[in-house]
Structure formats: structure tokens, C-alpha cells
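See structure below.
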Amino acid sequence: MANDRSTPDGDTPVERVAISGAALAALLQAVNSSLGDCDGVLFGHVERNTTSTMVDEDVGPQTSHDSTAIVTGHFCSGGLASFYDTTGRIDAAKLAQMVGDRESRGGDVPIGWFVGRRESSMRPSMRESTVTANLRNTQFSVPEDAPVSPTLNSSNGLLGEESDLNRKDLKPIGIPHSSPCLFFLFTESSDTNSIHTHEYRAFQYRTKPRGVGCFEIRSVKIVNIGPAFRGLYDSFAPVAPFPWFSMTSASDGESSDESLRKLTMTSQNADVQMEGAKKVNQSLLDMYSQDFSVDRLHCLIKTEGDGGSVRELEALYRTMLRKLDVLAKQVCEGNEAIFEQELANSKLRMALQSAGKR
Amino acid sequence: MAMVEQPRPLSSPSTSGTAMVPSWLNAQLQYLRMHSPVPLKVENLRSGARNGHILDRFSLFVPCCLSYVKWDVVYNGNDTRVAPDIIFGADDETFQPLMDDSELSPCYYLRDWTVADPTRLLKLILLIRGLYLQYQRKKVEEVSDERVRFEMSTMAAIQGLEMCVTTISEGMEEVNFAFPLVLEMENPHSATNSQSSSITCSDISLQVKFPVRGGQSGGGAPQLKLVAPEGMRDVFDVDDVKLPVWPEHMCLVEYKPTLELTLQQQVREARASVRLRRNFVEALFPFFGHPLEVDTLYYRKASILTSFGVFTFLVHFVLPIQFPKIQPSFTFQSSQHFDARGKPLVSRLYQDYPWSPRWEASEMAQRIFDFVAEECLAFKRSCGDILSQR
């Protein structure tokens, strides 16, 4: 293939788009349950595989690269023009709100967007082309004072309440240059025999080949269990928002020496930095659990194979459940407060009205 | 002046009885139908709502080069604040009118879209159609074929020229040109008021198609087609016109005046034919009595009630466009004999009776009257036979 040598960027064609059955089902569900047309952001990453095949003749091994764009999640706005206006201009603040801080928690970056519209042609429309082009060609930054309010990320269902936790002053949002820009179209129609048809089509938006942006249809592979998807499982790498806790423990003689050496080398400044990192990790952990210290989590990983770890793991689950309780309670309290405020407001209104009558 | 054809009425809403066109969309479509300077056709109104109750999207047929391109206009019935979106044809994916943000861009209309303004939809469509014609012209300019390039370079002076490129199959394209033909006609009102004695008529347009295969046109004659508005068919049928031969090395700018002269002659004859038909129909009255029904616009049809003895019957005349070169045809319809289903019995079509286009109108009527007087007896007899067979 001709484009092997160059470092792959967003314009390099991907061979196919892969999406897990669950992710596709969630997308279809979101499109189906919206009252009218809807749009949203897609998250995902690209996997590039290099395969070498040995040939009998003297030409040496032939390497072929192929890349698959994997859609791992979405955020559906439930309406149209959610992060852009009717002329297709991107509203950076709204886009930032939809993208959320998924990336800081180890999630995937935005890889494109989608539109669900019923009873219409499966081609990008005038506005959709413009939105896609704008998404591709511009990198946005959230202004410092932009209100990035906590958003509920639909796919992992976590309440991101600490939005300023990992936020730098100017955070680039949108589709990274290295990532392809995908556009998914969904449509559904039902005929008189009440057969519902769901159709979807994936496009990769590319700018280079013709100078003008164009949409190229990509085949969609639904990831499933089986030998056909072996490659995907082989290349699987777990992602977690937490840092890799080192497996070294104080009891290991050799490694303790190492850590000692490291300790002597680090200055006091580094100590402060480590304290800072610990604080960040602790607040990250606090988003998921109630009163479970990072040190304890560290210990849990260190004591692998020990009988105590089961108890510790259970304790972690308990604190996670407690966290849910706390959140639920907060929601209840919030609702109550709103209700009381509403009541007070209506009382005031009544008083004003009666005063007006008199 | 271009012919203003009213778009056809909307296709009836889809099958489910509860689906309806919201009033704001109805107002916009109504305005579009009433005020469009070009014939726009709205078809297949359908719903994008989950319950299917609000009809908010439709196919729009937009005239381009004397044929139509189909666009989907997609509103969002659940959120009327969102301006409509348009899906263009499959070949036009590089047509992206929102990408340029200049004064001429439709962005202006879309930015502060108000659903309450019924004129908005038409304005938007006309604006985008204008941009689309420009886009197509650019595509034609990119065609590398020398023949097409030559035609392009010579056609600058033609008024109302439209052009487009359509893909027919893989590697096979067609460059279309379309323009109105300018015909000079005698002004029918020039005798009564002080207007000039001739008017120009540009109702008839010419569509020219150059097939281009792999960037090369064959060099043969292009496909030529005359297009006239539907309403003109009663006076003049462009399908009957024999187009002048397209010799080798002919080009459109040269061909156009020749064709215009030929057409001018034929249209004038057709107009004169209206007058002759009128004279003929009026000449029938003294023989047959006053007619029941006459097409008083173009005198293409006349029905007369007459009797022979006690036999009362109708004569339906149909007058051809090429009258008097081609004689009128007629049928008898009995008012006394009916078939089993209660329908009046009708004779065969008569168009083989004695005729000469050089006769005076009164003589034509006289001869037809004589022929009818003879032939109606045979018709009466055949009617009686049919009834006795039952």
C-alpha cells in the first residue's frame, strides 16, 4: 500500500470500522428512543496492525498495515444542533460539555459524531457535511472560564463531579489530528406491515485525496466472540484511570534497595510532587468509593495471592456501594431543597398576587 | 418571459390517518407553490417523528437544465427552532453551500431561522438552486473535452443558459446544456393598441446532451430535445417537430438560429391554425345548429347535438393541431340507444371522409354535413342491430 511509509494521521484511510455489539445496540437504542432526529459524539480509537508475510521468492517479507477504527462509546444529545448551530459551526463550549472529561479517566477520545434521522436518504446532508468538515479542520480549546459543568457520561455511567480535577487551563477538545474523523448515519423506517428497519452507515471524512472534503463509506464490523475477532482480543490493552502501582514492596530485599536508592536521589521537592500525585489519585478514587485510601488500594495490589486480599476487595466494593448511597442521598437532598424552594416561590407568588388584587 | 408553471398539488399525506402537516409547514409549502418562479415539485411528505404523527420531511424536485434533481428537505417537527436541512443527490457530495460564509451563502437564512415566516423556505431553496447552478457550471468547466470547451467558449451570449454534468454509468458522463429559444411572433393585440407588431416568445427550450466517455466526446451529433410547457400542447406539440439536421462540425451557436427560424415558422402556422379551426367550428353552426360544447380557447374540440328524422344523436369533433392539413375526426353518439350497462352507443372514428384543405370553411362544413346525413343512417341501423341481438 502506498501510504505505509508516512506516519498515519487522521486522513489515512482506515480499512474498516469496528463496533462492539453492545455499543451498537446502545447507539440504536438512543436513536430509536429519541422523539425526532438526534445527534451525538462518538468515542473510540484506532488500532494499527502490521502483518508480515513471508514469501517463498527472494523479495523478502512483505508487510501490510491495516488500521481499524474502533467505536467504543457515544454520547447522544437527544436532539439536533447540540454542539453546532444550524449553519454547521461548532460551539466549542457545548462540544466540551458533551465530550466531558472522559479522557482523563482513561476513556477514548472523540473519533467522530453521528446523526439519527428517520425517513431520509443515507447520505450526509448539507449541514452534516459542514459540521464534519469543521470538526475535522479545527481544534478547539475550551476557554478558561467556560462552564464545564458535570456531565453524565452515558456509557460508563459515572458522575464526573470533579470536573476541574484534571483540567488544564486550555484543554484541546474535538477530534485529535492523529485520529480519523468518522460519521455514522442511522435511519429507521417502518412500513405498513410493521416491519421496523434499522439502517446504519459509517463514513470516514477525508480531505486530502481530492482537496475537497469527501465522505468515504467504510464497512462496519460488529465485534463478537469468535476466531474472526482474535486479532482484536490479542491487541487488547486495558485502560484505567489509575496509575500503575508498582508491584514492589518493602519486604523484597532487592527492590527495597532500589527504592532506597531512588529515595536518596530524590530531593525534597520530589517528595512534595509525590504527595501531590497521591492527592490527585485519592480524589480520583473518591469519585468511585467512599473512604478508601489510595494506600489501601496500593496494598491490595501488593498483597496478591494473600488471603487478606479477598476481604480487602470486599471492603472496596462496600465503600463503592457506600459511595452510591451517598450520591443517592445527595440527589434526594437536592431534590428536597428544590421542592422546598419551589414551594416558597409559589407562596411568594400567591402573596404577590393577592397583594396586587388588593 | 419564462413560463410560470404552478407546481402540482401536494401528494396526499401518508397512509396513517393521524399523520398531519403542521400548520407552519403548510404555510411555507403553500407560499412555495404560489410564488415560485420555477416549477418546484413537492412529493412524498413523510414523518421523522417516533410516533409518525408530524409530517416534517419531503422530497423536492428542483428544475435544473430542463430536468429535475431530487433533494430531500428535512425539518425537525419536534424542534421547530432548528432550520431545515437538505440532502442533495448522490452525485453532488462536493456541493457544500454552507462551507463558504460569504454574503451569498444560505447561512444568513439559516442563522436566524423563524418558522413563522412562510417565505423563508422558498427563499432558501431559490438561493441554494442558484448556487447549485453555479456549482454545475464549474463542473462543466472542468470537463477536459475540447468539443465541450469550444461550445462553452462560444455560448456566453445565450440568455438563460443552464448547464450540468450527470454521471450515466462508470466513466460515462453527459454534459447538458439548456436554454430557451427566442421566437418572434406577431402580436395578436398589435391591431388594437399601439404596441409593436411582434413579440418574442421563449416558452420553448432546447436541451442538448453531449455524451462524454473518459473525458472525450465522440464528436457525433449531440442528443437534442425540445421542451415546452404542458399547456402549450393544445396549440403546438414539440414532439411533432422534425429538428434540422446536425451536420458535421456544427456547433450550438450556429445551430440555434436555424432551429429558431424553423420553429418560428411552425409555431406561426400553429397559431394561424387556431384561427382556421375557429372559422371551421363557426361554419358548422348553420348546418348542425348551435353546438353543445366547444373548446373556445384553441378550438380543438366541439360537440354538436343534431337529428335526422326522429333519430337524435351527438357528433363529437376533434380538430388536429395541423388543421386544415389534417382533417378533423369525429364520432357519433346515439341519444336513443344504450348498451347493457346504460352507456350510450358510440360509432367508429371517422377520419376518412372526402376532404381538401383548400376548401373554404363553409364548404368543409357542407361536405361534412352531407357525409353525416348519409352515414348516420348506417349508424342507426347498427345501433338497432346491437339492441336486437341482446
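Numbers restart at 1 for each chain; the letters A, B, ... are given by sequence-line order, proteins then strands. These numbers come from the heavy atoms of this one structure, side chains and all, not from hydrogens, waters or symmetry mates.
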So what's closer than 4.5 Å to chain A heavy atoms on [X]: side chain, backbone, both or neither?
X      : result
B:V74  : side chain
B:I128 : side chain
B:P84  : backbone
B:F58  : neither

Problem - Segment of A:S34 engaging chain B (4.5 angstrom heavy-atom cut-off) - result: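 The backbone, not the side chain.
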Handout entry: Ring-ring centroid check B:F177 B:F179, cutoff 6.0 Å
Key =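 Distance test on ring centres: not under 6.0 Å, no.
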Handout entry: Beyond-backbone contact of B:P118 with B:Q30, side-chain heavy atoms, under 4.5 angstrom
Key =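 No, their side chains stay 4.5 Å or more apart.
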Exercise for the section: Could you tell me whether a side-chain N or O of B:S47 sits under 3.5 Å from a main-chain N or O of B:A49, the two making a donor and an acceptor? Expected result: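 Side chain of B:S47 to backbone of B:A49, a donor-acceptor pair under 3.5 Å: yes, one is there.
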Exercise for the section: Among the options A:M126, A:E119, A:E128, pick out the one with the most heavy-atom pairs lying under 4.5 Å from chain B. Expected result: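 Highest number of heavy-atom pairs under 4.5 Å: A:M126.
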Handout entry: Contact leader toward chain A among B:I87, B:N76, B:D85, where contacts are heavy-atom pairs under 4.5 Å
Key =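 The residue among B:I87, B:N76, B:D85 with the greatest pair count is B:D85.
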Handout entry: N-O pairing of B:R129 and B:E162 below 4.0 Å
Key =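 Looking at B:R129 and B:E162, the cut-off is met.
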Exercise for the section: Please check if any side-chain donor atom of A:S120 sits under 3.5 Å from a side-chain acceptor atom of B:D72, or the reverse. Expected result: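 Their side chains do not contain a donor-acceptor pair, so the 3.5 Å distance test is not met.
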Practice task
Look up atom OG1 in A:T72 and atom CG in A:D108, then write down how far apart they are to the nearest 0.5 Å.
Solution key: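 A:T72 atom OG1 to A:D108 atom CG measures 3.5 Å (nearest 0.5 Å).
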